[in-house]
Amino acid sequence: MAPTVLDLAHWSTWAVCAVIKVPQLAAVLAARSARGVSVGSLLLELAGFLVFLRYQIYYGYPLQTYLEYPIIIAQDVLLLLLILRFSGNMRRALLYAVTFWGGWYMLTLRKWIMDLAMNLCTFISAASKLAQLRCLWQTKDSGQVSALTWSMSAYTCATRIFTTVMTTNDLVVLIRFITMLILNIWVTATILHYRKTKKTD
């Protein structure tokens, strides 16, 4: 039974991640604005995803435990490009691309660099969620931020807690997913709070 449940967790995670950023992308495209979406949060999230993907590859973990990350990264890059376009900052795209590419390469120069980066990855990813929360608190407006995207992120963290325990049992990875689950739920609740507040005004 455990392999069937594990396969279901993997497949449902991949399915959700195939469209995880679509609601956010659609909201930004429809409004032709990224109001409420934190660029800092997105950049930190992208950095965290890249470090996590590189770590999984570096240590030869099973592909099914991280297959969603290239898909999410591609969606994040597209979202970042849209945000930069609508905010008139497309010139920064090249700088970000060079920075992320250089970081991707540098992570595997030494094992200690990879391990340190993965340990910091939880803080980087947590900082991305806190940056989005800060943006929401400051504006008191969820703007174009998609509650569906954030709730899907919470779901994938929950499934990845299960799959990590069942496959690699890597404590650093497990702590990361637990932390991200809590923060994704918090961001989702905050979005819904401000959406409800705006409707009642």
Side-chain angles (χ1 to χ4, degrees), residues 13-14 16-29 33-61 63-135 144-146 149-150 152-153 156-157 160 164 170 172-173 175-177 179-180 183-184 187:
T13 300
W14 300 331
V16 168
C17 287
V19 296
I20 198 163
K21 297 291 179 169
V22 171
Q24 187 63 72
L25 288 163
V28 169
L29 277 171
S33 165
R35 184 176 52 89
V37 180
S38 169
V39 175
S41 171
L42 186 60
L43 291 170
L44 288 167
E45 178 179 72
L46 194 52
F49 287 163
L50 288 167
V51 168
F52 186 77
L53 176 61
R54 193 66 161 165
Y55 177 86
Q56 297 281 321
I57 293 168
Y58 184 81
Y59 281 104
Y61 285 159
L63 180 62
Q64 65 266 30
T65 62
Y66 63 88
L67 184 61
E68 69 272 17
Y69 281 87
I71 299 165
I72 299 171
I73 290 167
Q75 291 176 62
D76 264 357
V77 168
L78 183 57
L79 181 58
L80 179 61
L81 290 172
L82 287 174
I83 291 169
L84 293 175
R85 179 169 181 235
F86 293 138
S87 65
N89 292 320
M90 276 303 283
R91 293 181 194 191
R92 292 185 182 175
L94 180 60
L95 172 67
Y96 294 145
V98 169
T99 302
F100 283 126
W101 180 83
W104 177 264
Y105 171 75
M106 288 180 54
L107 284 171
T108 57
L109 290 176
R110 298 268 189 259
K111 181 183 181 304
W112 70 266
I113 295 173
M114 184 75 263
D115 292 340
L116 176 63
M118 184 57 197
N119 283 312
L120 294 174
C121 180
T122 299
F123 295 108
I124 293 167
S125 295
S128 79
K129 312 306 181 208
L130 294 171
Q132 183 59 60
L133 282 166
R134 181 174 173 249
C135 184
Q144 308 315 316
V145 185
S146 170
T149 291
W150 285 93
M152 288 191 297
S153 293
T156 61
C157 286
R160 282 304 177 207
T164 300
D170 186 321
V172 174
V173 173
I175 290 169
R176 179 183 185 278
F177 283 128
T179 305
M180 294 309 100
L183 290 172
N184 283 327
V187 173

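Here the side chain of Q75 pairs a donor or acceptor atom with the backbone of C17 at under 3.5 angstrom. Q144 places no side-chain N or O within donor-acceptor distance of the main-chain N or O of L25, the cut-off being under 3.5 Å. Q132 places a side-chain N or O within donor-acceptor distance of the main-chain N or O of G36, the cut-off being under 3.5 Å. Without hydrogens or angle criteria, Q56 side chain to Y61 main chain gives no donor-acceptor distance under 3.5 Å.
When side chains are defined from C-beta on, L46 counts as touching V77, because their heavy atoms get closer than 4.5 Å. Using a 4.5 Å cut-off on side-chain heavy atoms (C-beta onward), M152 and N184 make no contact. Looking only at side-chain heavy atoms (C-beta outward), S125 and T179 stay at 4.5 Å or farther from each other. Side-chain contact between V28 and L79 is present, with at least one heavy-atom pair separated by less than 4.5 Å.
Remark: R176 engages no residue in a salt bridge (Lys or Arg N to Asp or Glu O under 4.0 Å) (not counting sequence neighbours). Partners of D170 according to the salt bridge (Lys or Arg N to Asp or Glu O under 4.0 Å) rule, which considers only residues two or more places apart in sequence or in another chain, do not exist here. Residues passing the ring-ring contact (aromatic ring centres under 6.0 Å, His included) test with W14, sequence neighbours excluded: H10, W11. For K21, the salt bridge (Lys or Arg N to Asp or Glu O under 4.0 Å) partners two or more places apart in sequence, or in a different chain, are E45, D76. Here F100 pairs with nothing under the ring-ring contact (aromatic ring centres under 6.0 Å, His included) rule; sequence neighbours left out. Listed by chain and number, the residues in a ring-ring contact (aromatic ring centres under 6.0 Å, His included) with F86 amount to none (sequence neighbours excluded).
Taking all atoms of both residues into account, the shortest heavy-atom contact from T108 to R54 is OG1-NH2, 3.1 Å. In terms of heavy-atom proximity, S128 sits nearest to S41 at O-OG, 2.6 Å. Pairing each heavy atom of V187 with each of L133, the nearest pair is CG2-CG, 3.6 Å. Nearest heavy atoms, L81 versus A93: CD2-CB, 3.9 Å. For T156 against S153, the heavy-atom pair with the smallest separation is OG1-O, 2.9 Å. The shortest heavy-atom contact between E68 and Q64 is OE1-O, 4.5 Å.
Under 3.5 Å, the side chains of D115 and Y59 contain a donor-acceptor pair of N or O atoms. Under 3.5 Å, the side chains of R134 and S38 contain no donor-acceptor pair of N or O atoms.
You'll find the ring centres of Y69 and F52 inside the 6.0 Å limit.
In this structure, CD1 on I113 lies 8.5 Å from CG on L116, to the nearest 0.5 angstrom. Taking CG of L43 as the reference point, atom CG of L80 lies at 5.5 Å (rounded to 0.5 Å). For the atom pair L82 CG and L84 CG, the distance stands at 9.0 Å (nearest 0.5 Å). To the nearest 0.5 Å, atom CG of residue L78 and atom CG of residue L29 are 7.5 Å apart. To the nearest 0.5 Å, atoms CG (L107) and CE (M118) are separated by 11.0 Å.
More than 12 heavy-atom neighbours from other residues, nucleotides or ligands sit within 6.0 angstrom of CE on M90. More than 12 heavy atoms of other residues, nucleotides or ligands sit less than 6.0 Å from atom CH2 of W104.
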Step-by-step side chain to side chain contact (heavy atoms under 4.5 Å, CB included) determination, T149 to V22: CA-CA 8 Å; T149 291; V22 171; over 6 Å; no
Intermediate values then yes/no, side chain to side chain contact (heavy atoms under 4.5 Å, CB included), T164 and T65: CA-CA 7 Å; T164 300; T65 62; over 6 Å; no
